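Chain A is the first sequence line, chain B the second, and so forth, proteins listed ahead of strands; every chain is numbered from 1. All values derive from a computational prediction rather than experimental measurement.
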Number of protein chains: 2
Amino acid sequence: MSQQRVTYTPESLLRVAVELFNERGYDGASMGQLAEAAGITKSSIYHHVRGKEDMLRLALERATGVLFALLDEPDATTGRAIDRLRYVVWRATEVLIEELPYVTLLLRARGNTETERWALDRRRELDHRVADLVARAAAEGDLRADIEPRLAARLLFGLVNSVSEWYRPGRSGAGPRQVGEAVAAVAFDGLTA
Amino acid sequence: MSQQRVTYTPESLLRVAVELFNERGYDGASMGQLAEAAGITKSSIYHHVRGKEDMLRLALERATGVLFALLDEPDATTGRAIDRLRYVVWRATEVLIEELPYVTLLLRARGNTETERWALDRRRELDHRVADLVARAAAEGDLRADIEPRLAARLLFGLVNSVSEWYRPGRSGAGPRQVGEAVAAVAFDGLTA
DNA sequence: GTCTATACCGTGATAGAC
DNA sequence: GTCTATCACGGTATAGAC
C-alpha cells in the first residue's frame with residue numbers, strides 16, 4: 001500500500017500505476033487512488049508524467065514492443081512454419097508472463113482513447129503476422145484440415161492470452177517456461193493422454 | 001445508434017446497456033452515452049432501472065444463470081469424466097456465444113463493485129466445479145500426465161472464454177455449434193494434423 | 001520534488017412538470 | 001414514460017509556495 005520511497009522516476013511510478021490499472025481497470029482507477037498507492041499527492045504525479053493517459057501510453061508501448069521483438073527472433077523467422085509457430089506460441093506465453101502487467105493492460109484495451117486505439121492497431125498487426133504463420137503451416141499440411149486457419153489462429157491467441165487471466169507471479173509451481181511449454185503442448189497435441 | 005422505439009421495458013433497455021458496457025467497458029460507459037444510445041434522456045433511464053449498477057447486476061445474474069444451468073444438463077452429469085468434460089467444454093462455448101454480451105460482461109468483471117464481487121464468487125464456484133471434473137478425468141487416466149490438472153483446467157477455461165474476445169454474431173462462417181466443436185477438438189486433440 | 005489550494009468539468013442520480 | 005432543470009460529488013489537471 002504505502003511506499004517508503006521518497007522520490008520517483010517515471011518508470012518507478014509507472015510500475016505502481018500499471019498495477020493499479022490492472023486491479024481496478026484503467027477507467028476504474030483514479031489519480032487519487034494512484035496517489036495513495038504511490039504515497040504522494042495527486043499533484044506530485046504530474047511532475048513525473050503528463051497525465052493518466054500518458055502512463056497508459058508508456059505501458060502499452062512497452063507491451064507491444066516486447067511482443068514485436070519476439071517475432072523477429074531467429075527461431076521465429078527460420079525453419080518450417082509449424083516449428084516457427086510452435087516456437088512463437090511458447091515464447092509469446094513466456095514473454096506474456098515476464099511482462100505480465102504491461103501485456104495484461106494491452107489485452108484489456110478496448111479503444112476508448114486515442115492511445116488505446118493506437119495499441120489495438122498494433123495488436124491487430126501482431127495478430128496478422130501470426131495468422132500468416134498459421135496459414136503457412138496449414139498450407140504445408142501440418143495442421144488438421146477440419147479447422148480453418150483463421151479459426152485456428154484465433155484459438156491459438158486465445159489460449160496464449162488467457163494465461164494473463166490467472167497467472168500470478170508469486171504463486172507456486174510453474175514458471176514462465178513451464179507454462180509456455182504446457183500451452184504449446186495443449187495447443188498442438190491436446191489434453192488427452 | 002438512435003432507436004425508433006417509443007417505450008422501453010427493463011429487458012429491452014438492458015440489451016442496449018449491455019452492448020454499451022461491452023463496447024466502452026462498464027466504468028468507461030456513462031449514463032449519458034446510454035441515454036444517447038437508447039434515444040431517451042438520462043432521467044428516463046431511472047424509470048426502468050434503479051441505476052447503472054442495477055443493470056450490471058441483471059446482466060451478470062443472467063450470465064451466471066445460463067452457465068450453472070449447463071452444468072446440470074444430463075450429458076454433463078452422467079458418464080465417464082472425460083466425456084462429461086468434453087461435453088461441458090463444447091456446450092459452454094455454445095452457451096457463451098448464444099449469450100455473448102452477458103457472458104462477456106461476466107468475464108470482464110474485476111471486482112470493483114459489490115455486484116462484481118458477487119459475480120466473481122459465482123464464477124469461482126463454476127470454475128471449481130469444472131476443475132473437479134478435470135481432476136476426475138485425470139484420476140481415471142484419460143488426461144496426459146505431464147500437465148497437472150489445475151493447469152489443465154485453467155487452459156481449458158482460457159480457451160473457451162477467449163472466444164468472447166473475437167466472436168461477432170453477424171460475421172460469416174462458423175456458428176455456435178461449429179465453434180464449440182472446434183474448441184473441444186483443439187482442447188483435447190490439438191491443432192496438429 | 002512534493003506540497004496546499006483550487007479551477008473546471010463530467011459523472012450518477014433526483015425532483016417535479018407534462 | 002419521458003421530459004427539463006438541477007444537485008452533490010469526484011474526476012483530471014494546474015498554479016504557486018516551500
Completion exercise
note: A/Asn112, atom CG; C/dG10, atom C1'; distance rounded to Å ~ 15 Å
What are the atom names and distances for every N/O pair under 3.5 Å that joins the protein to nucleotides 5-8 of chain D?
residue : atom : partner : partner atom : Å
D/dA5   : N6   : B/Ser43 : OG           : 3.1

Practice task
Look at B/Thr41 and D/dC3 and indicate whether a side-chain polar atom (N or O) is within less than 4.0 Å of OP1 or OP2.
Solution key: yes
Practice task
Any pair with a residue in residues 151-193 of chain B that passes ring pair (Phe, Tyr, Trp, His ring centres under 6.0 Å), sequence neighbours left out, goes on the list, sorted by first then second residue, please.
Solution key: none
Fill in the blank from the handout: note: B/Ile45, atom CD1; D/dT4, atom P; distance rounded to Å ~ 14 Å
Exercise for the section: May I ask you to verify if any side-chain N or O of A/His47 is less than 4.0 angstrom from the OP1 or OP2 atom of D/dT14? Expected result: no
Handout entry: Nucleotide pairing, DNA chain D (Watson-Crick or G-U, distances under 3.5 Å), in dot-bracket with [ ] and |
Key = ||||||||||||||||||
Exercise for the section: Quick one: list whatever passes side chain to side chain donor-acceptor pair (under 3.5 Å) with A/Thr64, sequence neighbours left out. Expected result: none
Exercise for the section: Scan for ring pair (Phe, Tyr, Trp, His ring centres under 6.0 Å) pairs involving residues 82-119 of chain A, sequence neighbours excluded, and state none if there are none. Expected result: A/Tyr87-A/Trp90
Exercise for the section: Figure out the CG/C1' separation between B/Asp54 and C/dA13, and round it to whole Å. Expected result: 13 Å
Exercise for the section: Salt-bridge test for B/Arg110 and B/Glu116: reply yes if a basic N is under 4.0 Å from a carboxylate O, no otherwise. Expected result: no
Exercise for the section: Mark yes or no for whether B/Asn22, through its side chain, and B/Pro101, through its backbone, hold a donor-acceptor pair below 3.5 Å. Expected result: yes
Fill in the blank from the handout: Here the distance between atom P of C/dC9 and atom CE of A/Met31, to the nearest Å, is 19 Å
Problem - NZ or CZ of A/Arg108 within 45° of A/Tyr26 ring axis and under 6.0 Å - result: no
Practice task
May I ask you to list the residues sharing a hydrophobic cluster with B/Leu120, side-chain cutoff 4.5 Å, ordered by chain and number?
Solution key: none
